[in-house]
Amino acid sequence: MRIVLLGPPGAGKGTQAASIVKKYKIPHISTGDIFRKNIKEKTALGNKAKEYIDKGALVPDDIVVAIVEDRLTKEDCKHGFMLDGFPRTVAQAQALDEKLQNLSINLDKVVNIEVPKEELIERAVGRRICKECGKTYHIKFNPPAKEGVCGKCGEELYQRKDDIKETVSKRIEIYLQETKPLINYYEKQKILIKVNGEQDIDKVFSDIVNALGSKI
Ligand code: ADP
Ligand code: AMP
């Protein structure tokens with residue numbers, strides 16, 4: 001299964017991706033996670049990406065495309081993958097199509113998680129992430145059993161620097177301008193699935209699985 005997860009910041013892509021990759025046994029490729037790992041390790045890529053991410057801007061297409069193109073050629077992507085947070089611009093989607101064509105493969109489905117704008121800010125601002133394993137929580141909608149502590153690995157939770165209200169609003173504006181056109185792009189390719197993201201996490205997941213079907 002080759003899937004793209006589309007949706008505005010805070011829609012629940014990362015949350016759903018964690019369950020989807022487990023079920024379909026495919027690698028989870030999150031460009032945001034790749035950047036955050038590089039920022040943590042202070043690599044040259046991390047230092048460059050940080051300039052954009054902290055402001056709520058998109059990292060330039062050439063940087064992101066090169067990372068994904070390289071990642072898709074790895075052995076573990078041979079039988080499928082889940083792209084989360086990529087593509088985010090029409091130019092990225094075109095570059096992805098070209099790369100897949102070179103590899104003689106197609107995307108099976110693009111899942112668009114729909115959540116109204118008003119809800120997105122509350123979701124992103126209340127998001128907390130485990131420093132160690134990356135598991136995502138929400139202070140109100142999906143809290144850990146013990147405040148500030150990851151229920152999976154026991155490490156401390158943190159708030160992303162770009163999850164403050166002003167930056168989230170900017171990211172949503174950029175989404176509307178740059179990423180939303182991809183809904184039409186994939187609708188034309190007849191591979192778009194729309195899922196109501198304004199439901200319980202488990203219900204969103206079961207809707208996604210029903211829409212994806214049993215093809216693995
Ligand atoms: P994205 O990867 O699309 O930016 P996340 O998966 O990180 O979004 O989710 C954003 C925040 O919203 C997180 O704090 C997460 O726990 C919470 N969340 C995810 N799905 C739901 C849902 N269906 N209902 C309520 N909160 C949710
Ligand atoms: P995410 O974890 O998907 O919310 O991404 C966090 C941030 O990383 C975004 O706000 C962007 O600054 C950057 N980023 C992630 N994926 C991309 C992408 N495909 N194109 C450009 N920037 C990206």
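Treat the numbers as computed from the prediction; the structure is a model and nothing was measured. Note that ligands are numbered from 1 as they come in the structure, with each ligand's atoms numbered from 1 the same way. Residue numbers count from 1 along this sequence.
Between K161 and D54 a salt bridge is recorded (basic side-chain N to carboxylate O distance below 4.0 Å). For E187 and K190, the salt-bridge test fails: no basic side-chain N is under 4.0 Å from an acidic carboxylate O. Between E155 and K131 there is no salt bridge, since no side-chain N of the basic residue sits under 4.0 Å from a carboxylate O of the acidic one. Salt bridge K37/E41: present, at least one basic N to carboxylate O contact under 4.0 Å. With respect to E122 and K140, a salt bridge is recorded, a charged nitrogen being found less than 4.0 Å from a carboxylate O. Salt bridge annotation for D162-R36: absent, with no cationic side-chain nitrogen under 4.0 angstrom from a carboxylate oxygen. With salt bridges taken as basic N to acidic carboxylate O contacts below 4.0 Å, none links R128 and E156.
Distances from ligand 1 to the non-hydrogen atoms of A11 include at least one value under 4.0 Å. Put simply, no part of G7 is less than 4.0 Å from ligand 1, judged by heavy atoms.
With a 6.0 Å cutoff to the six-membered ring centre and a 45° limit on the axis angle, K55 counts as a cation-pi contact of Y52.
Closest to atom 20 (N) of ligand 2, if we only count protein heavy atoms, is Q92 NE2, 2.9 Å. Nearest to atom 23 (N) of ligand 1 among the protein's heavy atoms is Q199 O, 2.7 Å. For atom 22 (N) of ligand 2, the closest heavy atom belonging to the protein is V59 N, 3.0 Å. With respect to atom 15 (C) of ligand 2, the closest heavy atom belonging to the protein is R88 NH1, 3.2 Å. Closest to atom 11 (C) of ligand 1, if we only count protein heavy atoms, is R123 O, 3.4 Å. Ranking protein heavy atoms by distance to atom 16 (N) of ligand 2, first place goes to T31 OG1, 2.7 Å. Distance from atom 14 (O) of ligand 1 to its nearest protein heavy atom, with residue and atom name: Y137 O, 2.7 Å.
The backbone N or O of R2 sits less than 3.5 Å from a side-chain atom of D108, completing a donor-acceptor pair. Formation of a donor-acceptor pair under 3.5 Å by the Y186 side chain with backbone atoms of I193 is not found in this model. Of the possible polar contacts, one joining the T31 side chain to the G85 backbone as a donor-acceptor pair under 3.5 Å is found. In this structure, K13 contributes its side chain and G7 its backbone to a donor-acceptor pair below 3.5 Å.
Within the 4.5 Å cutoff, the side chain of V149 has no heavy atoms near those of the L157 side chain. You'll find the side chain of P87 reaches within 4.5 Å of the side chain of L182, heavy atoms only.
Considering backbone and side-chain N/O atoms, R127 comes within less than 3.5 Å of an N/O atom of ligand 1. At least one N or O atom of G12 sits closer than 3.5 Å to an N or O atom of ligand 1. In terms of polar-atom proximity, T136 is not counted as a contact of ligand 1, lacking any N or O under 3.5 Å from an N or O of the ligand. The distance criterion of under 3.5 Å between nitrogen or oxygen atoms is met by K13 with respect to ligand 1. An N or O contact shorter than 3.5 Å is missing between G126 and ligand 1 by distance. For the pair D162 and ligand 2, the shortest N or O to N or O distance does not fall below 3.5 Å. Looking at ligand 2, you won't find any N or O of P87 less than 3.5 Å from one of its N or O atoms. Any N or O atom pair closer than 3.5 Å counts here, and D200 shares no such pair with ligand 1. Considering backbone and side-chain atoms together, G10 places an N or O closer than 3.5 Å to an N or O of ligand 1.
Residue contacts with ligand 2 for K50 are absent, since no atom lies close enough (heavy atoms, distance under 4.0 Å). Neither the backbone nor the side chain of Q16 comes within 4.0 Å of ligand 1, counting heavy atoms alone. In V64, the part holding a heavy atom less than 4.0 Å from any atom of ligand 2 is the side chain. Within the 4.0 Å heavy-atom criterion, the part of A57 lying near ligand 2 is the backbone and not the side chain. Residue-level proximity to ligand 2 for K13 is absent, since no heavy atom of it falls below 4.0 angstrom.
Less than 4.0 angstrom separates some heavy atom of H138 from each of these atoms of ligand 1: 14 (O), 16 (O). Against a heavy-atom cut-off of under 4.0 Å, G197 is close to the following atoms of ligand 1: 23 (N). Here is the list of ligand 1 atoms found below 4.0 Å of a heavy atom in G14: 1 (P), 2 (O), 6 (O). Distances below 4.0 Å separate heavy atoms of F141 from the following atoms of ligand 1: 25 (C), 26 (N). The ligand atoms of ligand 1 that sit less than 4.0 angstrom from a heavy atom of T15 are 5 (P), 6 (O), 9 (O), 15 (C), 19 (C).
For the 3.5 Å distance criterion, the side chains of Q189 and D97 qualify, holding a donor opposite an acceptor. A donor and an acceptor atom, one from each side chain of E114 and N196, are nowhere located under 3.5 Å apart.
The hydrophobic cluster containing I174 does not contain V90, counting ILVMFWY residues as joined when their side-chain heavy atoms lie under 4.5 angstrom apart, directly or transitively.
The closest non-hydrogen atom to atom 6 (C) of ligand 2, taken over R171, K170, R160, E178, comes from R160.
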